[in-house]
Amino acid sequence: MAETKTKKGKKSGAKSNGVPKLKFNTGWEYAPAPESKTHIKLNDRYELFINGKFVKPLSGKYFETINPATEEKIAEVAEANVADVDKAVKAARNAYEKVWKKIPGSERAKYIFRISRMIQERAREFAVIESMDGGKAIRESRDVDVPLAANHFFYYAGWADKLEYAFPGRVPRSLGVAGQIIPWNFPLLMAAWKIAPAIATGNTVVLKPAETTPLTALKLAEIIQESGLPDGVVNIVTGFGQTGADIVNHADIDKIAFTGSTEVGKIIQKAVAGTNKKITLELGGKAANIIFEDAPLDQAVEGVINGIYFNQGHVCCAGSRLFVQESVYNIVLRKLKDRIETLIVGDPLDKNTDIGAINSKTQLETINKYINIGKKEGAEMYQSSCPIPGRGFFCRPTLFTNVAQSNRIAQEEIFGPVLAIQTFRTDEEVIEKANNTPYGLSAGVWTDKGSKIFNLTTKMRAGVVWANTYNKFDPSSPFGGYKESGYGREGGLHGLSAYLKI
Ligand code: ADP
């Protein structure tokens with residue numbers, strides 16, 4: 001499916017913005033290197049995972065999950081209705097009261113370690129299915145999503161019997177049943193982020209994956225079943241927004257953990273207001289990546305590429321706004337354009353692919369809508385000239401210059417490979433510009449000066465600030481936002497407290 005057509009880079013020697021164009025070879029000449037699909041096992045139909053078993057939905061309904069790179073159906077998946085959700089919550093409650101809250105942390109840890117090991121053993125299978133169902137490049141799912149998901153289970157398994165050390169002098173107690181709703185950008189990893197801390201702290205779970213990417217959560221259910229985790233500790237129900245709402249509104253749920261759009265986050269917040277449910281929300285972002293004139297420019301450009309183009313820009317902490325100090329603007333822009341010209345867009349299963357498929361037709365329409373808005377607002381667009389497959393949902397890496405602070409492409413989350421570039425002169429100016437957004441999830445700073453890093457990180461309203469790197473994750477680091485990016489932290493010690501009464 002990946003096009004092998006050779007497309008030469010543009011002529012060398014031409015000047016743009018006074019900076020000579022570099023001579024480069026595009027990567028598009030690589031021979032296809034697709035990852036094999038022969039080692040994966042997928043059913044034609046997936047049921048709900050409730051009380052340790054795969055059961056038919058009471059709704060009697062199923063929906064299709066498709067491969068966004070080919071638009072072909074992969075499998076049918078059960079659509080849970082309110083009665084199915086109720087059944088899952090009852091199973092979770094029963095498991096909580098009768099088993100899970102009673103057994104010692106060291107016993108809980110054994111199961112969670114086992115789940116981590118089993119994900120590692122089946123890592124290739126998970127990576128391929130993740131790329132097929134969600135469209136992300138295999139390099140990402142293989143090197144980032146799956147190892148990090150296994151690491152999350154591993155990390156939280158370690159805490160299960162040490163909770164009193166995490167909160168000295170306190171008696172941490174589990175909450176009960178957690179309802180967890182996750183998006184499509186990191187399907188397995190988000191499931192791990194949610195499930196691992198919840199069960200390590202003695203809670204039981206009803207989790208709903210996103211409707212476009214349910215498969216790796218259901219494969220995880222197979223592992224959970226095989227691991228011998230007591231029935232009902234983890235239940236996985238698939239469906240659309242209504243299934244999510246049925247979880248949120250269920251009276252016997254003690255905690256809601258949601259990752260997704262700010263719009264749905266607000267609906268959920270209203271729904272739980274006035275109830276006893278605890279809540280954590282990880283919502284949208286519009287991160288600023290800031291390059292100072294003293295930064296190592298090649299590394300910074302690579303960090304920008306990693307921050308917005310890899311993973312198709314489907315990252316809530318994507319560095320979608322770039323601020324470049326005026327004195328190095330021309331050279332940075334030249335380097336960026338040259339680099340995006342070498343990115344390979346295409347078959348997510350090809351190991352050479354940098355940018356896979358956009359997750360869904362709807363998302364591609366949203367991205368294209370914003371590209372048109374950017375043009376209409378008067379910003380200048382530059383897109384890589386790489387070939388893209390004729391079928392499936394793909395978007396070329398895109399950047400905009402001449403962007404104003406008020407432009408919608410600089411204010412609103414696009415969730416695609418679209419970068420809005422602005423310039424600045426002073427530290428104060430860039431801090432003000434970077435903070436001028438309703439969001440506050442993450443940011444990046446590129447400079448040679450440690451003092452500048454400290455100055456900026458203390459003044460920027462963002463939950464995570466990366467310095468001279470971008471999009472780096474570790475289970476021991478907390479993650480979460482300010483303002484409309486939500487509240488509560490996931491990961492690390494902070495991630496434990498979200499699931500405990502302390
Ligand atoms: P995105 O824009 O990233 O798709 P959404 O917020 O629409 O994000 O979806 C994230 C998750 O929330 C998905 O699992 C989706 O099915 C679920 N969801 C959508 N609407 C609701 C709702 N009203 N209540 C609860 N969950 C919802």
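One-based numbering, in listed order, for ligands and for the atoms of each. Note: hydrogens, waters and symmetry copies are ignored here, and every other heavy atom, side chains too, is used.
Scanning the protein for heavy atoms near atom 24 (N) of ligand 1, the closest one is Ala245 N, 3.5 Å. Looking from atom 6 (O) of ligand 1 to the surrounding protein, the closest heavy atom is Ser261 OG, 2.7 Å. If you check which protein heavy atom lies closest to atom 21 (C) of ligand 1, you get Val264 CG1, 3.4 Å. Protein heavy atom in closest approach to atom 17 (C) of ligand 1: Ile181 CG2, 3.7 Å. For atom 3 (O) of ligand 1, the closest non-hydrogen atom on the protein side is Trp184 NE1, 3.6 Å. For atom 16 (O) of ligand 1, the nearest protein heavy atom (residue, atom name, distance) is Glu211 OE1, 2.6 Å.
Within the structure, the side chain to side chain donor-acceptor pair (under 3.5 Å) test picks out the following pairs touching residues 267-276 (sequence neighbours left out): Gln269-Tyr487. A salt bridge (charged side-chain N to carboxylate O under 4.0 Å, His left out) check over residues 203-215, counting only residues at least two apart or in different chains, returns the pairs Lys208-Glu211.
Close approach to Phe240 involves these atoms of ligand 1, each under 4.0 Å from a residue heavy atom: 16 (O).
Rounded to the nearest 0.5 angstrom, Leu399 CG and Ile340 CD1 are separated by 4.5 Å.
Between Asp254 and Lys277 there is no salt bridge, since no side-chain N of the basic residue sits under 4.0 Å from a carboxylate O of the acidic one.
In this structure, Arg489 is not positioned above the aromatic face of Phe479 in the sense of NZ or CZ being under 6.0 Å from the six-membered ring centre and within 45° of the axis. Geometrically, Arg142 does not engage Phe126 in a cation-pi contact, judged by NZ or CZ lying under 6.0 Å from the ring centre and within 45° of the ring axis.
Residue Gly241 holds the heavy atom nearest to atom 18 (N) of ligand 1 of all those in Pro209, Gly244, Gly241, Ala210.
Heavy atoms from other residues, nucleotides or ligands lying under 6.0 Å from NZ of Lys61 number 12 at most.
For the salt bridge (Lys or Arg N to Asp or Glu O under 4.0 Å) criterion with Glu226, the lone passing option out of Arg117, Lys219, Arg122 is Arg122.
Ligand 1 does not have Phe415 within reach: every non-hydrogen atom of the residue lies 4.0 Å or more from it.
Considering backbone and side-chain atoms together, Ile182 places an N or O closer than 3.5 Å to an N or O of ligand 1. Geometrically, ligand 1 and Lys208 share a nitrogen or oxygen pair separated by less than 3.5 Å.
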